[in-house]
Amino acid sequence: MEPEIQERIENTVRRILKGSDMEEMTEHKIRKQASAELDLDLSEPPYKAFVKQIVQSFLEKQVEEEEEEVEEERGARRKEYDDDGDLIICRLSEKRRVTIQDFRGKTLVSIREYYKKDGKELPTSKGISLTEEQWSTFKKNVPDIEKAIRKMESRIM
């Protein structure tokens with residue numbers, strides 16, 4: 001395939017993709033629309049494979065950009081620290097929160113209740129702090145925990 005034709009196909013397909021509703025658009029529809037615009041049969045095997053490659057590349061880039069946006073939003077949201085300088089990941093309720101802290105050289109994930117005294121929020125003994133290894137074990141078992149909860153809830157109803 002000639003480089004000039006490749007460039008025309010790529011530009012056309014990308015323009016169609018950018019202006020399309022990705023929930024409704026299919027590779028076949030893109031190929032058909034580009035074929036009509038270029039007056040070229042893109043259903044032929046080499047063209048078909050090339051269009052598929054362009055579509056996949058476009059979608060991968062979109063996913064990367066969406067992931068970057070989510071990370072940026074999380075980064076902006078996660079910049080909250082408590083009075084001890086620990087990173088607050090989220091607030092579960094008015095009194096409970098999840099924090100990341102460094103304690104004696106170890107990183108801990110803490111889920112703890114807090115109380116207010118003299119304008120400061122201080123941790124109570126109610127809660128748990130998990131090492132990275134314990135946190136990893138917990139995360140791996142979350143699906144089993146959720147399954148057990150659903151099973152218990154189905155018995156109650």
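In what follows, every heavy atom counts, from backbone to side chain, and hydrogens, waters and symmetry copies are set aside. What you see is a predicted model; the values in this text were computed from it and never measured.
Between Leu108 atom CG and Ile128 atom CD1 the span is 10.5 Å, to the nearest 0.5 Å. Atom CZ of Arg8 and atom CG of Leu40 lie 7.0 Å apart (nearest 0.5 Å). Annotation: the span from Leu87 atom CG to Glu80 atom CD amounts to 9.0 Å, rounded to 0.5 Å. Lys32 contributes atom NZ, which lies 10.0 Å from atom OG of Ser35 (distance to the nearest 0.5 angstrom). Atom CZ of Arg150 sits about 9.0 Å away from atom CD of Glu153, to the nearest 0.5 Å. For the atom pair CD of Glu132 and CD1 of Ile100, the computed distance is 8.5 Å after rounding to the nearest 0.5 Å.
With contacts defined as side-chain heavy-atom distances shorter than 4.5 Å, the pair Phe58/Met22 qualifies. No side-chain heavy atom of Glu113 sits less than 4.5 Å from a side-chain heavy atom of Tyr115. Residues Trp135 and Thr107 fail the side-chain proximity criterion, which asks for heavy atoms closer than 4.5 Å. Contact of the Ile145 side chain with the Ile149 side chain is registered, since non-hydrogen atoms from C-beta on lie closer than 4.5 Å. Within the 4.5 Å cutoff, side-chain heavy atoms of Lys61 are placed close to those of Glu65. At least one side-chain heavy atom of Glu146 sits less than 4.5 Å from a side-chain heavy atom of Val142. Under the 4.5 Å side-chain criterion, counting only non-hydrogen atoms from C-beta, Asp82 is in contact with Arg97. Looking at heavy atoms from C-beta onward, Thr99 lies out of side-chain contact with Asp84 at the 4.5 angstrom threshold.
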**Request:** Apply the test side chain to side chain contact (heavy atoms under 4.5 Å, CB included) to residues Val13 and Phe50: give CA-CA distance (whole Å), side-chain angles for both, the deciding distance (0.1 Å), then the verdict.
**Result:** CA-CA 10 Å; Val13 169; Phe50 185 61; over 6 Å; no

**Chi angles and distances behind the side chain to side chain contact (heavy atoms under 4.5 Å, CB included) call for Leu59, Val55** = CA-CA 6 Å; Leu59 293 174; Val55 170; 3.9 Å; yes

**Verdict with supporting geometry, Glu121 and Arg91, salt bridge (Lys or Arg N to Asp or Glu O under 4.0 Å)** = CA-CA 13 Å; Glu121 291 182 315; Arg91 294 177 182 268; 3.6 Å; yes

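In the hydrophobic clustering of ILVMFWY residues, with side-chain heavy atoms under 4.5 Å counting as a link, Tyr81 and Leu92 come out together. Criterion: ILVMFWY side-chain heavy atoms under 4.5 Å apart, direct or through other members. Under it, Phe138 and Val98 are part of a common hydrophobic cluster. Hydrophobic clustering of Ile, Leu, Val, Met, Phe, Trp and Tyr side chains at less than 4.5 Å, counting indirect connections, keeps Ile111 apart from Tyr114.
Among all heavy-atom pairs drawn from Leu42 and Ala34, the shortest one is CD1-CB, 3.6 Å. When all heavy atoms of Lys48 and Glu27 are compared, the pair lying nearest together is O-OE2, 4.2 Å. Taking all atoms of both residues into account, the shortest heavy-atom contact from Ile9 to Met1 is CD1-SD, 4.0 Å. In this structure, Ser20 and Met25 approach most closely via the heavy-atom pair OG-CE, 3.2 Å. Considering every non-hydrogen atom in both Asp41 and Ser43, the closest pair reads OD1-OG, 2.5 Å. Heavy atoms only, all atoms of each residue included: Ser129 and Gln134 are closest at O-OE1, 4.0 Å.
Ser57 places no side-chain N or O within 3.5 Å of a backbone atom of Gln53 that could act as its donor or acceptor partner.
Inspection of the Gln101 and Ser110 side chains reveals an N or O donor paired with an N or O acceptor under 3.5 Å. Defined by atom type and a distance below 3.5 Å, a donor-acceptor pair is missing between the side-chain atoms of Glu60 and Gln56.
Asp21 CG: more than 12 foreign heavy atoms inside a 6.0 Å radius. When the shell of 6.0 Å around CZ of Arg14 is examined, it contains more than 12 heavy atoms from other residues, nucleotides or ligands.
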